[in-house]
Amino acid sequence: FIYNDEYKATLWKQWHGKVKNHPECYLKLCLLCPPHFFISDIFNIIPLFPIFMKCDIKESLDLLIFTIMSMTMNEDDSQDPQMSSALLSQLQFIIPILLEYLNYRKTEDAHIRLDVCKVISLMPLAVSLKELKTYKPVVVKALRVVLDDPKREVRQSAAQANMMWLKIH
């Protein structure tokens with residue numbers, strides 16, 4: 001048994017349509033398969049992020065980081081308006097979930113707090129600053145708490161995210 005790209009392609013083709021109603025399985029499939037399969041279905045996947053985040057926060061954060069980075073990796077460094085709009089439509093659900101995981105007293109896993117800070121830091125690159133302005137007060141308030149996190153790496157990532165969000169006018 002060799003788990004290569006050919007097998008992953010077969011896996012995607014066989015199971016993609018069947019697991020859409022099972023978010024925990026669909027999340028795993030998106031993580032297992034080559035990125036171009038995931039990107040080809042990104043408009044159907046973005047609305048599922050709030051559900052994915054309730055199923056498995058670690059893997060959802062990985063997928064969300066990949067999604068945002070994919071959105072910002074255009075040749076001219078511009079935002080894809082359709083993808084940006086799709087993500088924007090989910091922010092009202094995604095941001096509260098993210099902010100829940102920032103507090104080290106509630107989330108013992110520093111890797112989760114670190115990934116949440118990364119997502120928050122990347123958001124201004126993927127969504128228009130004008131649209132993020134609505135969320136600025138709650139995000140900046142939550143990041144202030146993380147600046148006192150016991151883990152240095154988390155504090156540094158929170159400081160980066162904080163700087164990105166403070167630039168939003």
May I have the list of side-chain donor-acceptor pairs in residues 49-56 shorter than 3.5 Å, sequence neighbours left out?
| residue | atom | partner | partner atom | Å |
| --- | --- | --- | --- | --- |
| D56 | OD1 | K58 | N | 3.2 |
| D56 | OD1 | E59 | N | 3.3 |
| D56 | OD2 | K28 | NZ | 3.4 |

task = With sequence neighbours excluded, give me every salt bridge (Lys or Arg N to Asp or Glu O under 4.0 Å) pair touching residues 41-53.
result = K20-D41
key: Residue pairs involving residues 158-169 (criterion side chain to side chain donor-acceptor pair (under 3.5 Å); sequence neighbours excluded)   = none
key: side-chain contact (heavy atoms from CB on, under 4.5 Å) partners of R152, counting only residues at least two apart   = R155, Q156
message = The criterion is salt bridge (Lys or Arg N to Asp or Glu O under 4.0 Å); which residues satisfy it with D62, sequence neighbours excluded?
response = none
H111: partners by side-chain contact (heavy atoms from CB on, under 4.5 Å), with sequence neighbours left out = D109
inquiry  = Tell me which one of I46, L87, I45 satisfies side chain to side chain contact (heavy atoms under 4.5 Å, CB included) with T67.
reply    = I46
key: A158: partners by side-chain contact (heavy atoms from CB on, under 4.5 Å), with sequence neighbours left out   = C117, L143, V146, L147
key: Residues in salt bridge (Lys or Arg N to Asp or Glu O under 4.0 Å) contact with E100, at least two apart in sequence or another chain   = none
query = What pairs with T107 under side-chain contact (heavy atoms from CB on, under 4.5 Å), at least two apart in sequence or on another chain?
reply = Y101, I112, R113
inquiry  = Run the salt bridge (Lys or Arg N to Asp or Glu O under 4.0 Å) test against K151 and tell me which residues pass, sequence neighbours left out.
reply    = none
message = Please enumerate all residues that pass ring-ring contact (aromatic ring centres under 6.0 Å, His included) together with F43, with sequence neighbours excluded.
response = none
inquiry  = My understanding is that only residues two or more places apart in sequence, or in another chain, count here; which of them pass ring-ring contact (aromatic ring centres under 6.0 Å, His included) with Y26?
reply    = H16
request  = Count the heavy atoms belonging to other residues, nucleotides or ligands that lie under 6.0 Å from CD of E24, then report whether that count exceeds 12.
outcome  = yes
